[in-house]
Participant: 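The structure follows.
Below, chains carry the letters A, B, ... as their sequence lines are ordered, and counting in each starts from 1.
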Protein chains: 2
Amino acid sequence: MATIKDIARITGYSIGTVSRVMNHHQDVSDKARKEIEQVIEEQGYQPNANAKLLKQTHTNSITVFIKSTCNIFLNGMLENIQSMLKQAGEEVKVVFMDENSDEVLAAKRICHDNHPRGLLFLGADLDHFRHEYEEMGVPAVLVAADGNGLHIDSLSSYCTDDDAGARAAAEYLIDHGHRHIGLLGGVDPDVQGQVAYKRYHGLSSCLKEHNLSFVRSRQYIPCEFSLEGGYEAGKNLLHTFPEVTAVFCMSDTVAIGAMRAFSEAGRRIPEDVSVIGFDGIDYSQFTVPRLTTVCQDTETIVRSSVNDLLMRIKTDAPSRHSMVPFHIVEGESVCQLSK
Amino acid sequence: MATIKDIARITGYSIGTVSRVMNHHQDVSDKARKEIEQVIEEQGYQPNANAKLLKQTHTNSITVFIKSTCNIFLNGMLENIQSMLKQAGEEVKVVFMDENSDEVLAAKRICHDNHPRGLLFLGADLDHFRHEYEEMGVPAVLVAADGNGLHIDSLSSYCTDDDAGARAAAEYLIDHGHRHIGLLGGVDPDVQGQVAYKRYHGLSSCLKEHNLSFVRSRQYIPCEFSLEGGYEAGKNLLHTFPEVTAVFCMSDTVAIGAMRAFSEAGRRIPEDVSVIGFDGIDYSQFTVPRLTTVCQDTETIVRSSVNDLLMRIKTDAPSRHSMVPFHIVEGESVCQLSK
DNA sequence: CTGAAAGCGCTTACAG
DNA sequence: CTGAAAGCGCTTACAG
């Protein structure tokens with residue numbers, strides 16, 4: 001465990017000079033640089049990150065927080081973010097956290113300890129932002145979540161219009177002749193501002209506007225955004241709403257679970273029950289039949305988010321909130337009903 | 001950004017006493033403890049982690065490294081590990097890393113900077129261990145990877161016998177009357193010690209022992225362990241080996257991709273092509289048809305790994321390498337051929 | 001039970 | 001271009 005002192009002693013230079021070499025400062029002679037670099041190499045010297053961060057008043061890295069370690073949807077975006085940021089010459093630090101962790105708390109700690117230049121949040125829980133976020137003097141962006149109404153000056157957001165997406169799904173099913181439409185997903189769709197609330201609202205009001213029934217207790221089954229959740233909800237729906245001919249699932253994962261449930265019940269997809277999902281994860285394109293889904297434009301969401309952050313790091317442009325258009329990917333899981 | 005100094009000033013105690021309160025030392029008066037705790041609360045004081053770690057010669061946490069952020073198989077195990085460790089009263093720190101990161105390098109840095117009590121590796125790349133691992137004086141365990149032959153004294157490992165698992169899959173297909181068996185998965189199955197090598201070897205030698213043909217260029221298509229990889233490989237196999245009646249896929253993900261490819265080609269599963277996978281991920285039980293697969297006993301792997309680590313932290317028992325039994329989960333993707 | 005002080009391994013003005 | 005020195009925010013023997 002060599003320290004900077006050891007390197008200084010071995011090379012005969014002072015620790016200040018060693019430090020300058022490590023941090024690629026200009027004002028070091030070529031001779032000193034070469035000698036010191038060689039000894040660092042020989043000794044396999046690694047600077048102590050704690051000491052470094054303790055002294056530095058700011059780092060030049062951007063920190064990305066990503067929640068729910070195994071969310072395919074978020075992970076796909078992370079890769080794009082990393083490559084964009086690196087291409088822009090920014091150093092990136094990724095903090096992975098599980099669903100139960102508090103990303104706002106983590107962000108506060110990191111800002112306090114490491115002073116990053118900017119913050120990106122993937123899979124954010126808006127409740128945490130509402131109750132705990134305080135201005136940290138660092139620009140931040142909510143990626144694929146809606147920060148509008150949070151009234152946090154330093155926070156931008158880019159996301160899909162969940163209400164409009166759910167409406168589009170409903171319209172799509174109605175256009176295909178469906179009149180008995182079920183809805184699956186969301187543990188607590190009455191909490192305003194939640195994704196589930198908006199998708200519930202989008203679908204249900206669209207049905208009503210078309211004078212189609214939407215009896216919540218029969219046509220809607222809440223469930224977690226998981227395979228198992230979708231599976232159980234799908235089974236239940238067949239009992240509460242047996243005349244169903246089409247189902248909108250609030251996520252692709254829910255849709256895949258539900259498809260399994262429908263198959264087991266002997267309903268063919270799409271002939272007996274049509275299914276449409278939301279998100280556009282990879283898996284949705286490998287199911288049999290291939291899933292029709294409301295595909296979020298993650299590429300644009302990511303690009304806008306990163307550009308916004310970089311811009312606000314450099315200038316002090318104001319934050320903004322923007323909805324990014326989605327589109328429907330037509331798979332094989334929705335059929336046209338004869339009218 | 002209050003520091004320990006501020007707390008000391010406000011309470012009128014010294015920073016030493018404040019530090020003792022924060023670290024729950026015994027020798028502090030109740031009065032001091034109460035007063036200091038209250039001010040800490042009021043100020044929302046968070047100790048600077050860098051300063052803390054810089055001073056501490058060791059922490060009492062166990063660090064878990066998990067690679068490939070979105071590997072369903074690994075993520076399932078992580079949850080078990082966390083709950084077991086917490087139940088045992090251990091503090092856990094999880095380091096998530098993407099596929100391209102070097103977990104051994106990260107481990108070295110963390111040992112250097114943070115001095116954990118033990119290390120757990122999920123999704124380890126054995127090459128990194130072979131070439132870079134050096135004794136860090138900390139017990140470590142490879143979870144679900146085979147550390148035998150690495151000759152690292154401080155390293156234990158618990159994993160599935162890949163060779164035997166592949167053999168079991170082959171036997172299962174043969175028992176069901178299949179004679180034309182294909183194999184999918186593994187980018188470079190010639191590298192000894194790799195998972196792909198062992199699964200390749202297990203299947204191919206089992207077929208030969210049964211006097212069944214295994215012509216590599218026809219019956220084997222290498223591919224990445226991904227949906228897309230499995231899909232492309234599945235398509236190719238139908239060209240190189242059209243008489244195929246059953247396929248062993250080196251992972252469930254590959255199997256799901258391949259099933260899609262077979263469906264698109266008009267081959268019914270299992271009537272025309274039977275499919276068996278490996279791992280036993282959640283998704284495999286939600287496909288239509290449900291996947292038959294060689295299921296790794298992740299619960300036992302995790303339990304053994306954690307117990308081993310805890311034991312070696314407390315005593316200096318020797319490390320060990322052990323294979324954990326697997327079992328075949330019968331789904332609906334393999335059919336019995338009439339003999 | 002408490003305080004004063006040394007020191008963890010770095011970085012960074014400040015001189016020269 | 002280089003060195004000596006202060007100091008980041010903590011912890012921990014050492015006295016008392």
Participant: Anything below 3.5 Å on both distances counts as a pair; with that, list the stems of at least three consecutive Watson-Crick or G-U pairs involving DNA chain C.
Facilitator: C:1-3 with D:14-16, C:5-12 with D:5-12, C:14-16 with D:1-3
Participant: In residues 21-31 of chain A, what residues come within less than 4.0 Å of DNA chain D, judged by heavy atoms?
Facilitator: A:Asp27, A:Val28, A:Ser29
Participant: Holding to salt bridge (charged side-chain N to carboxylate O under 4.0 Å, His left out), I want the full list of residues that pass it with B:Glu41, two or more places apart in sequence or in another chain.
Facilitator: none
Participant: Mind checking side-chain hydrogen bond (donor to acceptor under 3.5 Å, both in side chains) for A:Asn48 and listing every partner two or more places apart, or none if nothing turns up?
Facilitator: none
Participant: Counting the atoms with a prime plus P, OP1 and OP2 as sugar-phosphate, which does A:Ser19 contact under 4.0 Å by heavy atoms, base, sugar-phosphate, or nothing?
Facilitator: base
Participant: Might you list the N or O atoms of the protein lying below 3.5 Å from N or O atoms in nucleotides 13-15 of chain D, with each pair's distance?
Facilitator:
from	atom 1	to	atom 2	distance (Å)
D:dA13	N6	B:Arg20	NH2	3.0

Participant: B:Ile36 CD1 to C:dT2 C1': how many Å, rounded?
Facilitator: 10 Å
Participant: Can you tell me the distance, in whole Å, between the CZ atom of A:Arg109 and the P atom of D:dC10?
Facilitator: 10 Å
Participant: Output all residues satisfying side-chain hydrogen bond (donor to acceptor under 3.5 Å, both in side chains) with B:Ser322, sequence neighbours left out; order by chain, then residue number.
Facilitator: none
Participant: How close or far is atom C1' of C:dG9 from atom CG of A:Asn48, stated in whole angstroms?
Facilitator: 6 Å
Participant: How many whole angstroms separate atom NZ of A:Lys5 from atom P of D:dA4?
Facilitator: 13 Å
Participant: Using the test side chain to side chain contact (heavy atoms under 4.5 Å, CB included), find all partners of B:Glu79 that sit at least two apart in sequence or belong to another chain.
Facilitator: none
Participant: Which ring-ring contact (aromatic ring centres under 6.0 Å, His included) pairs, counting each pair once, include a residue from residues 119-144 of chain B, with sequence neighbours left out?
Facilitator: B:Phe65-B:Phe121, B:Phe121-B:Phe129, B:Phe129-B:Tyr133
Participant: Please name all residues satisfying side chain to side chain contact (heavy atoms under 4.5 Å, CB included) with A:Glu299, sequence neighbours left out, ordered by chain then number.
Facilitator: A:Asn80, A:Asp297
Participant: Side chain of A:Lys55: nearest nucleotide among D:dT11, C:dT2, C:dC10?
Facilitator: C:dC10
Participant: Between B:Thr17 and C:dT2, is there a side-chain N or O to OP1/OP2 distance below 4.0 Å?
Facilitator: no
Participant: Applying side-chain hydrogen bond (donor to acceptor under 3.5 Å, both in side chains), name anything that partners A:Ser14, two or more places apart in sequence or on another chain.
Facilitator: A:Thr17
Participant: When you measure from the side chain of B:Lys67 to the backbone of B:Glu103, do you find a donor-acceptor pair of N or O atoms at a distance under 3.5 Å?
Facilitator: no
Participant: Output the rounded distance in Å from CD1 (B:Ile4) to C1' (D:dC8).
Facilitator: 13 Å
Participant: If I take atom CG in residue B:Asn50 and atom C1' in nucleotide C:dT11, what distance separates them, rounded to the nearest angstrom?
Facilitator: 13 Å
Participant: Which listed nucleotide (C:dG9, D:dT11, C:dT2) is nearest to the side chain of B:Leu54?
Facilitator: C:dG9
Participant: Under a 4.5 Å cut-off applied to non-hydrogen side-chain atoms, are B:Asp188 and B:Gln194 in contact?
Facilitator: no
Participant: Considering only side-chain heavy atoms of B:Ala51, which listed nucleotide, D:dC10, C:dC10, C:dG3, is closest?
Facilitator: D:dC10
Participant: Give every donor-acceptor pair under 3.5 Å between a side-chain atom in residues 303-315 of chain A and any protein atom, sequence neighbours left out.
Facilitator:
from	atom 1	to	atom 2	distance (Å)
A:Ser304	OG	A:Thr300	O	2.8
A:Ser305	OG	A:Ile301	O	2.7
A:Asn307	ND2	A:Arg303	O	3.3
A:Asp308	OD1	A:Ser156	OG	3.2
A:Asp308	OD1	A:Arg312	NE	2.7
A:Asp308	OD1	A:Arg312	NH2	3.4
A:Asp308	OD2	A:Ser156	OG	2.9
A:Asp308	OD2	A:Tyr158	OH	2.7
A:Arg312	NE	A:Ser156	OG	3.4
A:Arg312	NH1	A:Ser154	O	2.9
A:Arg312	NH2	A:Ala140	O	2.6
A:Arg312	NH2	A:Ser154	O	3.4
A:Arg312	NH2	A:Ser156	OG	3.2
A:Thr315	OG1	A:Met311	O	3.1
A:Thr315	OG1	A:Ala317	N	3.2

Participant: Are any of A:Tyr45's side-chain N or O atoms less than 4.0 Å away from OP1 or OP2 of C:dG9?
Facilitator: no
Participant: Distance only, no hydrogens: is a donor on one side chain within 3.5 Å (strictly under) of an acceptor on the other, for B:Gln296 and B:Thr160?
Facilitator: yes
Participant: Send over the distance from B:Asp6 CG to D:dG9 P, rounded to a whole Å.
Facilitator: 9 Å
Participant: Whole angstrom is fine here: how far is it from CZ in B:Arg33 over to P in C:dT2?
Facilitator: 9 Å
Participant: Please table the atom pairs, donor to acceptor, closer than 3.5 Å between any side-chain atom in residues 30-40 of chain A and protein atoms at least two apart or in another chain.
Facilitator:
from	atom 1	to	atom 2	distance (Å)
A:Lys31	NZ	A:Glu35	OE2	3.4
A:Arg33	NH2	A:His25	O	2.8
A:Gln38	NE2	A:Glu42	OE2	3.1

